[in-house]
Amino acid sequence: MTTIKAIEGLEILDSRGFPTVKARTILTDGTIGEAMVPSGASTGEHEALELRDGDQKRYFGKGVQTAINNLSGAISSALRGRSPFSQKEVDGILLELDGTPNKSKLGANAILGASLACAHAAAKSSRLELFEYLGAGTTLPVPLINVINGGAHADNSIDFQEFMLVPHKFEKFSEALRAAAEVFQTLKKRLKKDGLSTGIGDEGGFAPNLPSAESALNILCEAIADTGYESKISLALDVAASEFFKDGKYTLKKSTKEVLTSSGMVELLESLVKKFPIVSIEDGLSEDDWDGWKLLTERLGSTVQLVGDDLFVTNTKRLKRGIEERSANSILIKLNQIGTLTETIDAIKMAHDANMTAIISHRSGETEDTTIADLAVATNAGQIKTGSVCRSERTAKYNRLLEIETLLKDSVFGKPFPR
Ligand code: PGA
Ligand code: ZN
């Protein structure tokens with residue numbers, strides 16, 4: 001029987017030029033599975049711990065050699081001789097070996113690397129595509145394409161972090177992607193014409209200096225209309241409100257300097273939903289503003305997808321509370337927020353069972369790894385968020401989905417959207 005022979009780690013660079021973890025799982029049949037771990041910038045308080053060396057002489061303390069050593073040391077020893085084909089068992093061993101609530105002993109970056117590299121090796125050894133190995137899904141996800149960057153992802157004057165195109169009214173993923181890419185190019189011309197910067201932010205969206213969220217939405221609507229897709233492309237926001245929440249107040253410090261209460265934020269979002277074709281809002285409020293979230297869902301939840309990212313951090317404990325309190329109607333799924341594939345899939349299942357949507361997501365610091373594309377299809381999530389249609393670490397995921405579309409004979413595109 002094929003078993004795990006060894007796990008190895010390598011310190012590599014992510015898309016921002018900071019170090020991150022690459023893991024390899026080597027099986028006794030000679031198969032090698034590989035995975036690279038992403039890294040966030042607007043990380044939630046309640047995420048699993050990303051282990052950094054703290055040695056100021058290397059990468060300003062951001063090195064990941066301790067995590068790499070954990071992979072080739074304790075993790076490799078614990079998994080040696082075990083079957084790679086039971087992901088639950090592999091992840092159970094990793095959880096037990098770490099033993100902390102937030103994976104602070106071995107590091108969630110080391111643990112996730114091992115977890116994913118084992119899945120890749122098992123799929124390869126079984127001669128299956130990763131999406132086939134991970135589940136029976138056949139749904140190509142609607143992409144939420146981030147074409148204007150702000151917040152912690154860009155040095156510009158916009159407080160909201162992401163302005164996304166949602167090309168949901170198409171027959172096929174490839175058609176939706178083409179339309180969004182056309183809008184992206186039109187948007188570039190438009191910004192240029194208006195004398196605005198066409199430089200890009202961390203996720204490949206443009207990062208112009210615009211006076212407000214409203215002006216960003218206006219320019220996006222114009223670009224969609226100029227390209228002729230008004231009836232087929234809607235909009236989504238990631239406010240990433242935890243980033244500008246302090247002492248009970250939301251301060252739009254990069255743009256209008258407004259200081260808002262929780263209900264003031266809800267009113268602002270409500271007014272934007274009235275003016276623009278917004279179908280989804282992520283982190284409209286801060287990560288521990290549970291009362292605010294409840295109010296937001298009461299006011300907008302029947303028509304708009306309200307997505308908890310920092311709120312839920314892909315953690316079933318926090319998601320359970322959110323389901324009980326009706327805090328949101330959707331969850332953003334980021335593998336490295338929780339640290340194993342099994343726990344990630346558990347969070348997706350819990351959301352689906354509660355009639356919530358689940359959006360599979362990248363991080364702002366990414367690599368050429370495309371696991372999330374396969375995960376989105378395998379779990380029938382129906383939506384993926386993986387940045388703009390430029391920068392190879394973003395397009396790698398879209399390109400993998402284009403490939404999966406050709407591999408799957410009976411695929412469908414998306415799920416009814418909005419809910
Ligand atoms: P992050 O941003 O990876 O920097 O956390 C992505 C997001 O907030 O969705
Ligand atoms: Zn977010």
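On a predicted model such as this, the values are computed, not experimentally measured, just so you know. As the structure lists them, so they are numbered: ligands from 1, and atoms in each ligand from 1.
- Residue-level proximity to ligand 1 for H362 is absent, since no heavy atom of it falls below 4.0 angstrom.
- Under the salt bridge (charged side-chain N to carboxylate O under 4.0 Å, His left out) criterion, no residue pair touches residues 90-101, with sequence neighbours excluded.
- Remark: ligand 1 atoms within the under-4.0 Å shell around heavy atoms of H153 are 1 (P), 2 (O), 4 (O), 6 (C).
- For ligand 1, the atoms lying closer than 4.0 Å to a non-hydrogen atom of L332 are 9 (O).
- In the model, Q383 has a side-chain atom that pairs as donor or acceptor with a side-chain atom of Q305 under 3.5 Å.
- Residue contacts with ligand 1: E282 is placed with a nitrogen or oxygen under 3.5 Å of a nitrogen or oxygen of the ligand (distance criterion only).
- Counting only distances under 2.8 Å, and ignoring water, the protein N, O or S atoms around the Zn ion (ligand 2) are D238 OD2, E282 OE2, D309 OD2.
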Without placing hydrogens or testing angles, list every side-chain donor-acceptor pair under 3.5 Å for residues 243-250, not counting sequence neighbours.
residue	atom	partner	partner atom	Å
Y250	OH	S286	N	2.9
Y250	OH	D289	OD2	2.7

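- A salt bridge links R321 with E325: at least one charged nitrogen is closer than 4.0 Å to a carboxylate oxygen.
- Between the side chains of T371 and D369, at least one donor-acceptor pair of N or O atoms lies under 3.5 Å.
- For the side-chain hydrogen bond (donor to acceptor under 3.5 Å, both in side chains) test, residues two or more places apart in sequence or in another chain that qualify with R318 are H46, D288.
- Of the N or O atoms in A41, one or more lie within a sub-3.5 Å distance of an N or O in ligand 1.
- Scanning all protein heavy atoms for the shortest distance to atom 5 (O) of ligand 1 gives R363 NH2, 2.7 Å.
- Using 4.0 Å as the threshold, S42 has a heavy atom nearer than that to some atom of ligand 1.
- For D283, no heavy-atom contact with ligand 1 is shorter than 4.0 Å.
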